[in-house]
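Below, chains carry the letters A, B, ... as their sequence lines are ordered, and counting in each starts from 1. What you are looking at is a predicted structure, and each value in this text was computed from that prediction instead of being measured.
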2 protein chains.
Amino acid sequence: MGVTLKDVAEKAGVSIGTASMALNNSDKVNIETYKKVISVARKLHYVPNARARALVKQSTNIIGLVVPQIINPFFAELAQAVKDSARKKGYNLILCSTDGKADEEARYIEFFKSGMVDGAIFASQESLTNQNKIILEELIANYIPVVNINSQEFGSDLVPVIKIDLEKTSYLATRYLIELGHQRIGFGSHSLKRFEGYKRALSEFDLYNPEFVYFPMQDFDEDIYAIVASLMEVKVRPTAFVCYNDNSAIKMIQLLVEKGIRIPEDISICGTDNILLSRYYNPSLTTINIPKEAMGQKAIEILVRIIAGERVAKSELDITYPIELLKRKSTTTYQG
Amino acid sequence: MGVTLKDVAEKAGVSIGTASMALNNSDKVNIETYKKVISVARKLHYVPNARARALVKQSTNIIGLVVPQIINPFFAELAQAVKDSARKKGYNLILCSTDGKADEEARYIEFFKSGMVDGAIFASQESLTNQNKIILEELIANYIPVVNINSQEFGSDLVPVIKIDLEKTSYLATRYLIELGHQRIGFGSHSLKRFEGYKRALSEFDLYNPEFVYFPMQDFDEDIYAIVASLMEVKVRPTAFVCYNDNSAIKMIQLLVEKGIRIPEDISICGTDNILLSRYYNPSLTTINIPKEAMGQKAIEILVRIIAGERVAKSELDITYPIELLKRKSTTTYQG
DNA sequence: CCCTCTCTTTTAAACGTTTCAAATTTAGAT
DNA sequence: ATCTAAATTTGAAACGTTTAAAAGAGAGGG
């Protein structure tokens, strides 16, 4: 169907080998031949067949990125960063979103194993499904290079991890709310790590009260309705709330506002992620910044090095990026 | 490095051809042989090499999706829909975002030409860069199947288009604002089509006034600062504003609120896209729904059919999806 | 016992590159 | 004119599949 190297070679009057070398700028080929081949190739609109090249080169120049959901702005922004870095290194990015389903995750792992990508990055909220942790281990050990973003578990010789200190996110948020004078601070997340940070901050001031803790079983986003409903019924309401990401914080605010509760006057709310929109939300969202660009870039950088066969230093096997509290308008002081 | 078909064949005591057929569930192979091969393959953790398969099959089972930006929730949501449909048809999706740069667009087209994808979907705000319209035409004509989403130009035998009536988006929004009693209605977009709809609605009531029209030259998102600044200075301010997407509407609201302007009491604001967050924004955003899921799904459906060699019916070469006004809280009545 | 037909397996070409050893050409030195 | 070394080109293997044609093995009929 398409124009092949053979066509180019014939028209240029050289062998396939020579044509290939010319097109790959080998210095072994005579300048005249080179010119001839290039010109013929251009004339015929020759485009090298990436499939054939992939087979012989054992590499596709594609990197896979797996995220739980693209429609979560946090991951969209991360994907953007990863993509930009990948492109700079000459790679294309295949973006895979699992919607948190273990079988989708498994399908992608299968796909990766088949050799369609040169390496993969797994980004998660906190960890992969248990089942796939095992599959992933195997994947890495036997097939392709992998880097994890945000997983709190790995960080081995095989799978470097780029992460943040999850516990600290909620610690920072909670402590800030305490500093603002709040004493009844609510919390919602399915993450144990985050809960620990929340509890640590409160414990330091002897303010911890399990009544204000919500552990949604499923998807937090969906369970916000339940949390808000519960918040409306309870007799002593928290005056501040720590959400596990900006998306859920925003939903929560909206639902509360609809019930006539003012943010931040009645309840201060704090998110995590610093998604683009959090700055433009109304009220603008107090949140924890996560350096997505830096993390995405680092992940690609390390992955590319592993692909190239380099051995990464011990110090780079487990990198924790600093996070930062951004004080905005969704939180305010409270006088008991 | 990995286990190949040859290894499996040898261990199973059959030829490579037979092993291949067994693994592909061919009915030509004896049931005993089949079982033997399958069991050996499993034992050896054999995974077919997708690169080799792609070469001989002339197909990678990958579809490319090109969007201007992933971090725009509209495209993230569209990508989600496209991905889901693609997976259902057995394809993987390679997500490419161009950031509106013509050269990135061109690089992706080059990549597609090389045969790494079986087909491509180009989604845009309104149209591709001029330069690449030409490249794209050529791509389609000679290399791989393509479907356009949202482009207002194509819709040929070669490139089916899935789109909405852009003119109508702003017409609907503007007319609604007029119905609410507004007489000074502002407008911001670089889209001529959208401007036409805006103007048509106003003209019907003799309310058109060029003073209220903003044509940002570059990226609208960035130019919102300028528009808001200008809005603050002008002596007669519009009481309503039509934004060209939800993202910009949200930014605009936030900037206005920061200046002490109340939304919707002082200015009613209307977006377009109905991104997930628009419902959760504060105030919730009056906007135009665009059926992203349906459009994404249709795009895949048609593309897959073209890839399969089917000829699509004339009626499917240019499909316009219905849009719908969603009345929410960012707009309110106005008594002159 | 031979022929035919069906069922199964093998063989080998094909996919379109890259790459490296071998062959060829060219140039330079004697 | 001959030899050597360098420069260039060619040829062919390799990458790991799929697939169609050919070969082989049984079975059944005459």
Side-chain angles (χ1 to χ4, degrees), chain A residues 1-38 40-41 44-62 110-111 113-118 142-144, chain B residues 1-38 40-41 44-62 110-111 113-118 142-144:
Chain A
M1 189 162 191
V3 177
T4 73
L5 193 52
K6 198 176 155 206
D7 301 324
V8 175
E10 273 169 13
K11 195 130 194 167
V14 298
S15 73
I16 295 184
T18 306
S20 171
M21 287 172 133
L23 289 164
N24 287 296
N25 299 309
S26 166
D27 52 357
K28 287 187 192 162
V29 57
N30 182 285
I31 181 74
E32 291 308 319
T33 320
Y34 170 81
K35 282 184 192 162
K36 178 78 188 166
V37 171
I38 295 293
V40 169
L44 296 183
H45 299 291
Y46 169 72
V47 181
N49 184 315
R51 296 185 301 263
R53 178 179 274 169
L55 179 57
V56 46
K57 288 265 210 173
Q58 315 257 52
S59 137
T60 57
N61 266 313
I62 301 178
E110 236 3 76
F111 175 63
K113 277 201 208 171
S114 78
M116 254 312 177
V117 299
D118 292 351
N142 302 301
Y143 300 87
I144 56 163
Chain B
M1 188 159 188
V3 177
T4 73
L5 193 52
K6 197 175 156 207
D7 301 323
V8 175
E10 272 169 15
K11 196 133 196 167
V14 298
S15 74
I16 295 184
T18 306
S20 171
M21 288 173 132
L23 288 164
N24 287 297
N25 299 309
S26 166
D27 51 358
K28 286 187 192 163
V29 56
N30 181 284
I31 181 73
E32 291 308 318
T33 319
Y34 169 82
K35 281 185 192 162
K36 178 78 187 166
V37 171
I38 295 292
V40 169
L44 297 183
H45 299 292
Y46 169 71
V47 181
N49 184 315
R51 295 185 301 262
R53 179 179 272 168
L55 179 57
V56 47
K57 288 266 209 172
Q58 315 257 50
S59 137
T60 56
N61 266 313
I62 301 178
E110 233 8 73
F111 175 63
K113 277 201 209 171
S114 78
M116 255 311 177
V117 299
D118 292 350
N142 302 302
Y143 299 89
I144 57 163

[atom1]-[atom2] distance between [X] and [Y], expressed to the nearest 0.5 angstrom:
X	Y	atom1	atom2	answer
B:Glu10	B:Ile16	CD	CD1	7.5 Å
A:Thr60	A:Asp118	OG1	CG	4.0 Å
B:Lys11	B:Lys6	NZ	NZ	14.5 Å

Backbone N/O of A:Gly115 and side chain of B:Arg51: donor-acceptor pair under 3.5 Å: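 Present.
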Which of these nucleotides, [options], is closest to any side-chain atom of [X]?
X	options	result
B:Asn24	D:dG16, D:dT18, C:dT19	D:dT18
A:Val56	C:dT18, D:dT9, D:dT17	C:dT18
A:Asn30	D:dT17, D:dT8, C:dT8	D:dT8
B:Gln58	D:dT9, C:dG16, D:dG16	C:dG16

Length of the line joining [X]:[atom1] and [N]:[atom2], which is rounded to integer Å:
X	N	atom1	atom2	value
A:Asp27	D:dA6	CG	P	16 Å
A:Ile31	C:dT26	CD1	P	18 Å
A:Lys57	C:dT17	NZ	C1'	10 Å
B:Arg53	D:dG16	CZ	C1'	11 Å
A:Glu32	D:dT9	CD	P	10 Å
A:Met116	D:dG16	CE	P	14 Å
A:Arg51	C:dC15	CZ	C1'	9 Å
A:Leu55	D:dG16	CG	C1'	6 Å

Listed by chain and number, what are the side chain to side chain contact (heavy atoms under 4.5 Å, CB included) partners of [X], not counting sequence neighbours?
X	result
A:Ser114	A:Phe111, A:Met116, B:Val47, B:Ala50
A:Ser26	A:Met21, A:Lys28
A:Leu23	A:Leu5, A:Val37, A:Ile38, A:Ala41, A:Tyr46
B:Asn25	B:Tyr34

Mind checking what makes side chain to side chain donor-acceptor pair (under 3.5 Å) contact with B:Asn49, not counting sequence neighbours?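 Testing B:Asn49 for side chain to side chain donor-acceptor pair (under 3.5 Å), a comparison that skips the adjacent residues, returns none.
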If you assign each of A:Val29 and B:Lys6 to its closest nucleotide in DNA chain D, which residue comes earlier from the 5' end?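 In this pair, the answer is A:Val29.
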Could you tell me whether the side chain of A:Leu44 reaches within less than 4.5 Å of the side chain of A:Val8, counting heavy atoms only?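 Heavy-atom side-chain distance check passes, below 4.5 Å.
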Please state whether the phosphate of D:dT17, meaning OP1 or OP2, lies under 4.0 angstrom from any side-chain nitrogen or oxygen of B:Tyr46.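 Checking B:Tyr46 against D:dT17: at least one side-chain N or O falls below 4.0 Å of OP1 or OP2.
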Tell me, which of residues 13-23 of chain B have any heavy atom that sits under 4.0 Å from an atom in DNA chain C?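 Heavy-atom cutoff 4.0 Å gives B:Val14, B:Ser15, B:Gly17, B:Thr18.
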Bending between helix ends of the helix from C:dC1-D:dG30 to C:dT30-D:dA1 [5 pairs per end, 10° resolution]: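 The end axes of the helix from C:dC1-D:dG30 to C:dT30-D:dA1 are about 70° apart, to the nearest 10°.
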If you look at every strand shown and take non-hydrogen atoms under 4.0 Å, does A:Tyr34 touch a base, only sugar-phosphate, or nothing?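 Nothing, no nucleic acid heavy atom in range.
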